[in-house]
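One structure is given here, and the rest of the page talks about it.
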Amino acid sequence: MSSRLVAVIVAGSFFMELLDGTVISTALPGIAGSFHVGAVDAGLGVTAYLLTVAVMIPLSGWLSERFGARPVFCVAIVLFTLASVLCAASQTLLEFVLARVLQGVGGAMMVPVGRTVVLRGAAKADLMAATAIITWPGLIAPVLGPPVGGVITTYASWRWIFLINVPLGAIALVAALLVVPASQRQRRPFDGLGFALSAVAIACLVYGLDQAGGGSNWLLTVGLLVIGLAVGVVAVRHALRHPTPLLDLSPLRIRTYAATSAEGSLLRLAINMVPFLLPLLFQVGFGLSAVTSGLLVLTVFAGNLVMKTITTPTVRRFGFRRVLVGNGLLVALSLAACALFGPSTPYWLISVVCFLGGAFRSLEFTGINTLAFADVPASAMSAASTVNATITQLATGMGVAIAATVVHVAAGGRVPTVLDFRIAFLVGAAIALVGTLLFLRLSPTAGSVVSAGRPRTPARP
């Protein structure tokens with residue numbers, strides 16, 4: 001079967017999982033009302049899901065090697081879909097939180113294992129096209145999630161947010177069983193200590209970042225982050241010394257993979273500030289309605305789609321280094337441009353800036369995600385995918401946390417103003433600029449095995 005067809009199926013499951021993680025934010029008041037609790041208490045459903053996904057991601061790589069990528073991917077779809085039904089049927093907050101934990105287990109296995117399936121099956125010449133397909137859910141879901149959640153909650157019920165996953169999950173499962181190829185299994189011993197260390201480190205970091213975004217308890221936040229970093233150092237030392245670590249860090253020895261894990265994380269962090277800041281700027285800063293705000297944010301989505309059509313020829317024409325540096329500067333510039341928005345800024349100008357920003361972030365994301373695996377051998381693809389998913393999860397959470405923290409500190413306890421959001425956008429632009437300039441250390445030929453494309457077949461005489 002075509003590697004692109006497999007990529008489309010995997011991308012569909014990614015979109016279901018990522019949309020579900022973002023669409024719930026606007027549904028929290030409705031969920032809280034159904035369970036007769038406060039909106040903050042209902043937020044436990046979001047926190048439980050995020051923590052479960054982050055903690056279980058390192059385990060997904062071992063499971064895919066032990067039982068095979070296709071069975072684990074299919075089980076992940078079944079778990080996620082079943083948990084969605086349980087979420088919709090929940091009658092108490094406890095039932096809802098437990099269902100979200102089960103959903104997080106499915107989501108944690110779905111993303112890295114699905115990416116491994118795609119990357120193992122794609123030839124180097126097709127890697128960019130396949131990566132572009134599985135990258136778009138991460139760009140589109142955070143943008144579409146809040147307005148979709150608002151529409152469903154307003155005109156139907158929050159329970160439909162989860163029930164729509166049933167037909168999507170059924171289609172994804174059937175398609176995966178028919179199209180996704182089987183893979184060899186490896187009997188690698190389970191690293192229990194490595195799992196415990198990574199679980200504690202990641203849970204503390206993710207929850208600490210979540211608390212930092214709220215800005216309510218700085219002592220708890222600092223304590224969680226310090227514990228997470230300390231245990232994380234121990235976990236890394238353990239992984240480097242263990243003969244068969246749960247979280248195999250050996251792909252970080254590959255220069256291109258290491259660069260996209262470090263410099264790329266700064267770009268991911270800055271880019272993920274946009275879906276959080278823009279809706280708040282439009283609604284809190286400008287006083288726009290949720291509908292108007294949603295329509296303006298959708299222009300970012302439009303830019304993402306348009307850029308997908310020219311991403312591959314652009315990278316093949318200029319190479320990864322030039323694209324990541326040149327386009328990275330445009331990403332930083334687009335973030336800085338958002339700081340110029342004011343209540344009197346014409347909608348058409350806001351739409352143009354958001355559209356271009358969406359196009360730039362799409363190209364940067366695809367370039368980073370493709371270069372990450374350009375030089376990774378097939379035998380190390382599972383480990384590389386698991387580490388990449390873990391780093392991406394942390395970078396995404398850090399982006400939202402930094403954006404929320406900057407706005408909270410700038411506001412000083414009052415309702416945030418346009419100036420407070422401007423400061424946050426400028427901080428994001430500075431972070432993106434640093435990450436971009438660090439890409440200058442890449443070799444001009446970095447990733448050429450992918451960007452060169454498929455060699456042409458000589459014409460017959």
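For the numbers below, each heavy atom of this structure counts, side chains included, while hydrogens, waters and symmetry mates do not. Computed from a predicted structure; not experimentally measured.
Here Asp375 pairs with Thr256 under the side-chain hydrogen bond (donor to acceptor under 3.5 Å, both in side chains) rule; sequence neighbours left out. In this structure Phe282 satisfies the ring-ring contact (aromatic ring centres under 6.0 Å, His included) test together with Phe286, sequence neighbours excluded. Not a single salt bridge (Lys or Arg N to Asp or Glu O under 4.0 Å) links Arg268 to another residue, sequence neighbours left out. Not a single side-chain hydrogen bond (donor to acceptor under 3.5 Å, both in side chains) links Asn388 to another residue, sequence neighbours left out. Residues that satisfy the ring-ring contact (aromatic ring centres under 6.0 Å, His included) test with Phe439, not counting sequence neighbours, are absent from this structure. Residues that satisfy the side-chain hydrogen bond (donor to acceptor under 3.5 Å, both in side chains) test with Glu263, not counting sequence neighbours, are Arg441. Looking at residues two or more places apart in sequence or on another chain, you find a ring-ring contact (aromatic ring centres under 6.0 Å, His included) between Trp158 and Phe35, Phe96. For Phe341, the ring-ring contact (aromatic ring centres under 6.0 Å, His included) criterion is met by no residue, not counting sequence neighbours. Judged as a side-chain hydrogen bond (donor to acceptor under 3.5 Å, both in side chains), and not counting sequence neighbours, Thr345 has no contacts.
Contacts classified as salt bridge (Lys or Arg N to Asp or Glu O under 4.0 Å) and involving residues 387-398 (residues at least two apart or in different chains) are not found.
In plain terms, the two heavy atoms of Leu281 and Cys338 that are nearest each other are CD2-O, 4.4 Å. The two atoms that bring Ala384 and Tyr257 nearest to each other are O-OH, 2.5 Å, heavy atoms only. Scanning all heavy atoms of the two residues, the minimum distance from Ser265 to Ala395 falls at O-CB, 4.0 Å. In this structure, Thr390 and Ile202 approach most closely via the heavy-atom pair CG2-CD1, 3.7 Å. Pairing each heavy atom of Val387 with each of Asp248, the nearest pair is CG2-O, 3.2 Å. Counting all heavy atoms, side chain and backbone alike, Ala380 lies closest to Pro251 at O-CG, 4.3 Å.
Val236 has its side chain within reach of Leu249: a pair of non-hydrogen atoms, C-beta onward, lies under 4.5 Å apart. Side-chain contact check for Phe365 versus Met307: every heavy-atom pair is 4.5 Å or farther apart. At a threshold of 4.5 Å between non-hydrogen side-chain atoms, the residues Gln103 and Asn165 count as touching. No side-chain heavy atom of Thr436 sits less than 4.5 Å from a side-chain heavy atom of Val331. Within the 4.5 Å cutoff, the side chain of Leu278 has heavy atoms near those of the Phe425 side chain. Between Val231 and Cys204, the closest side-chain pair of non-hydrogen atoms is not below 4.5 Å. Within the 4.5 Å cutoff, side-chain heavy atoms of Val315 are placed close to those of Leu363. Looking only at side-chain heavy atoms (C-beta outward), Leu433 and Leu329 come within less than 4.5 Å of each other.
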Let me check something: any side-chain donor-acceptor pairs from residues 349-359 under 3.5 Å, sequence neighbours excluded? List them with distances.
from, atom 1, to, atom 2, distance (Å)
Ser351, OG, Tyr347, O, 2.8

Show which side-chain atoms of residues 48-58 pair as donor or acceptor with protein atoms under 3.5 Å away, not counting sequence neighbours.
from, atom 1, to, atom 2, distance (Å)
Tyr49, OH, Glu17, OE2, 2.5
Thr52, OG1, Ala48, O, 2.7

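Glu65 contributes atom CD, which lies 10.0 Å from atom CG of Leu63 (distance to the nearest 0.5 angstrom). If you take CG on Leu240 and CG on Leu247, they are separated by 10.0 Å, rounding to the nearest 0.5 Å. The line from OG of Ser13 to CZ of Phe73 is 3.0 Å long, rounded to the nearest 0.5 Å. Rounding to the nearest 0.5 angstrom, the gap separating the CG atom in Leu267 from the CD1 atom in Ile368 is 4.0 Å. For the atom pair Leu59 CG and Met109 CE, the distance stands at 8.5 Å (nearest 0.5 Å). One distance of note links CZ of Phe162 with CZ of Phe80; it measures 8.5 Å at 0.5 Å rounding.
The only member of Arg361, Glu364, Arg322 that meets side-chain hydrogen bond (donor to acceptor under 3.5 Å, both in side chains) when paired with Asn327 is Glu364.
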Taking it one step at a time, do His408 and Asp420 satisfy side-chain contact (heavy atoms from CB on, under 4.5 Å)? CA-CA 8 Å; His408 178 80; Asp420 302 323; over 6 Å; no

Could you please spell out the steps behind the side-chain contact (heavy atoms from CB on, under 4.5 Å) verdict for Thr81 and Leu173? CA-CA 10 Å; Thr81 306; Leu173 177 61; over 6 Å; no

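The number of heavy-atom neighbours closer than 6.0 Å to CZ of Arg414, taken from other residues, nucleotides and ligands shown, is above 12.
The backbone N or O of Gly61 lies less than 3.5 Å from a partner atom in the side chain of Ser64, making a donor-acceptor pair.
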